[in-house]
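Ligands are counted one by one from 1 in listed order, and the atoms in each one are counted from 1 as well. Position 1 is the first residue of the sequence, and the numbers go up from there.
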Amino acid sequence: MNGAMTHATPEVQLRKAHAADLSVLLEMMEPFNASEGVVWSATASRPAVARLIDDPSLGAIGLFEARGQVVGYFVVTWGYDLEWVGRDAFLTEIYLAPPARGRGLGSRALSLVEDLARAEGSNALHLMVRPENAPAVRLYAKAGYTEPPRTFLTKDLRRRPAT
Ligand SMILES: CC(C)(COP(=O)(O)OP(=O)(O)OC[C@H]1O[C@@H](n2cnc3c(N)ncnc32)[C@H](O)[C@@H]1OP(=O)(O)O)[C@@H](O)C(=O)NCCC(=O)NCCS
C-alpha cells in the first residue's frame with residue numbers, strides 16, 4: 001500500500017494519511033465522535049491513530065480533499081470472515097466538515113473508500129449508522145448498503161467482572 005496513492009473524481013480526492021496528518025485528523029475526529037456519542041479523547045486516541053497510519057495490515061486512514069483543501073477523512077479496518085471468503089472491511093469513521101456536506105461529496109467519498117477497500121482485497125464493507133442520522137442513512141441506502149438479518153452485538157473486553 002502506498003501513501004502517495006491517489007484516486008480522483010471530479011470534486012473530491014482521497015489520499016492515504018501520513019504521520020504529519022495526525023493533528024488534522026484528531027481535530028476532525030473530535031466532532032465526529034461527539035456526533036456519534038462516543039466518549040473520546042485526543043490523548044487516548046493519538047497512539048491508536050498513529051499505529052493505524054503506520055501499519056497497513058490493520059486498515060487505512062485517509063483524507064478527502066477538494067480543491068487542495070482537506071474536507072474530511074475516513075477510517076477503515078480489515079477483518080477476515082469465511083462468510084466473505086477472505087478479507088472484509090469495516091468503515092468505522094467517515095466525516096466531511098460541515099461546509100463540505102450536502103453537495104454530493106459524501107457519495108463520491110464513499111465510492112472512493114469502496115474502491116480502496118476493493119483494491120486491498122476486501123470482499124465486503126460493513127458500517128454502522130445511527131437511524132436518526134438522516135443524511136448518512138440516505139447516503140448508504142443510495143450506495144446499496146443493506147441491513148443484515150442479524151443483530152450486531154459488542155462486548156467491551158477491557159472490562160472484567162469483579163471477583
Ligand atoms: C454523512 C456524510 C458523510 C454525508 O455526506 P454529504 O456530502 O452530506 O452527503 P450527500 O451530499 O451525498 O447527501 C447524502 C443524502 O442525504 C440527503 N440529506 C441531506 N441532509 C438530509 C436531511 N437532513 N434529511 C434527510 N436527507 C438528507 C441528501 O439530499 C442526499 O440524498 P440525495 O443524494 O438523494 O439528494 C456527512 O453528512 C457527514 O460527514 N456527517 C457527519 C459525520 C457522520 O455522520 N458520518 C457518518 C456516520 S455513520
Residue pairs fulfilling salt bridge (charged side-chain N to carboxylate O under 4.0 Å, His left out) with at least one residue in residues 121-144, sequence neighbours excluded: E36-R130, R130-E132

Numbered in order shown, the ligand 1 atoms found under 4.0 Å of a heavy atom of G106 are 5 (O), 6 (P), 7 (O), 9 (O), 12 (O)

Name all residues meeting the salt bridge (charged side-chain N to carboxylate O under 4.0 Å, His left out) criterion together with R160; count only those two or more places apart in sequence or in a different chain, and write none if there are none. none

Proximal atoms of ligand 1 relative to R103 (non-hydrogen, under 4.0 Å): 11 (O)

Is S35 in contact with ligand 1, taking contact as a heavy-atom separation below 4.0 Å? no

For ligand 1, which part of R130 has a heavy atom less than 4.0 Å away: the side chain, the backbone, both, or neither? neither

For ligand 1, is any non-hydrogen atom under 4.0 Å from Y140's backbone (N, CA, C, O), its side chain (CB onward), both, or neither? side chain

Plane angle bin for H126 and F90 - parallel if under 30°, tilted between 30 and 60°, otherwise perpendicular: tilted

Is the shortest N/O to N/O distance between G104 and ligand 1 below 3.5 Å? yes

Between M128 and ligand 1, is there a nitrogen or oxygen pair with a distance under 3.5 Å? no

Ligand 1 to N133 polar contact by distance, N or O atoms, under 3.5 Å: yes

CZ (F64) and OH (Y95) are apart, to the nearest 0.5 Å, by 12.5 Å

Which protein heavy atom lies closest to atom 31 (O) of ligand 1, and at what distance to 0.1 Å? R138 CG, 3.3 Å

Which ligand 1 atoms does L96 reach within 4.0 Å, using its non-hydrogen atoms? 5 (O), 7 (O), 38 (C), 39 (O)

Please test R87 against D81 for salt bridge (Lys or Arg N to Asp or Glu O under 4.0 Å), starting from the C-alpha separation and ending with a verdict. CA-CA 6 Å; R87 177 178 275 188; D81 189 336; over 6 Å; no

Run the numbers on R51 and D54 for salt bridge (Lys or Arg N to Asp or Glu O under 4.0 Å), then give the verdict. CA-CA 5 Å; R51 183 177 172 197; D54 277 354; over 6 Å; no

In the complex you have, is atom 33 (O) of ligand 1 within reach of the protein, judged by whether a heavy-atom distance drops under 4.0 Å? yes

Of all heavy-atom pairs between I53 and A17, which one has the smallest distance, and what is that distance? CG2-O, 3.5 Å

Ligand 1 contacted by E36 (non-hydrogen, < 4.0 Å): yes

Would you verify that at least one protein heavy atom lies under 4.0 Å from atom 29 (O) of ligand 1, or report that none does? no

Is at least one protein non-hydrogen atom found at under 4.0 angstrom from atom 13 (O) of ligand 1? no

Against heavy atoms of L105, which atoms of ligand 1 measure under 4.0 Å? 7 (O)

Do any N/O atoms on I94 end up under 3.5 angstrom from N/O atoms on ligand 1? yes

Using heavy atoms and a threshold below 4.0 Å, how should the contact between R101 and ligand 1 be classified: side chain, backbone, both, or neither? both

Between P135, P31, G72, flag the one that comes closest to atom 20 (N) of ligand 1 by a heavy atom. P135

Mind checking whether K142 has an N or O less than 3.5 Å away from an N or O of ligand 1? yes

Any N or O on V129 sitting closer than 3.5 Å to an N or O of ligand 1? no

Taking both backbone and side-chain atoms of Y95, is any N or O found less than 3.5 Å from an N or O belonging to ligand 1? no

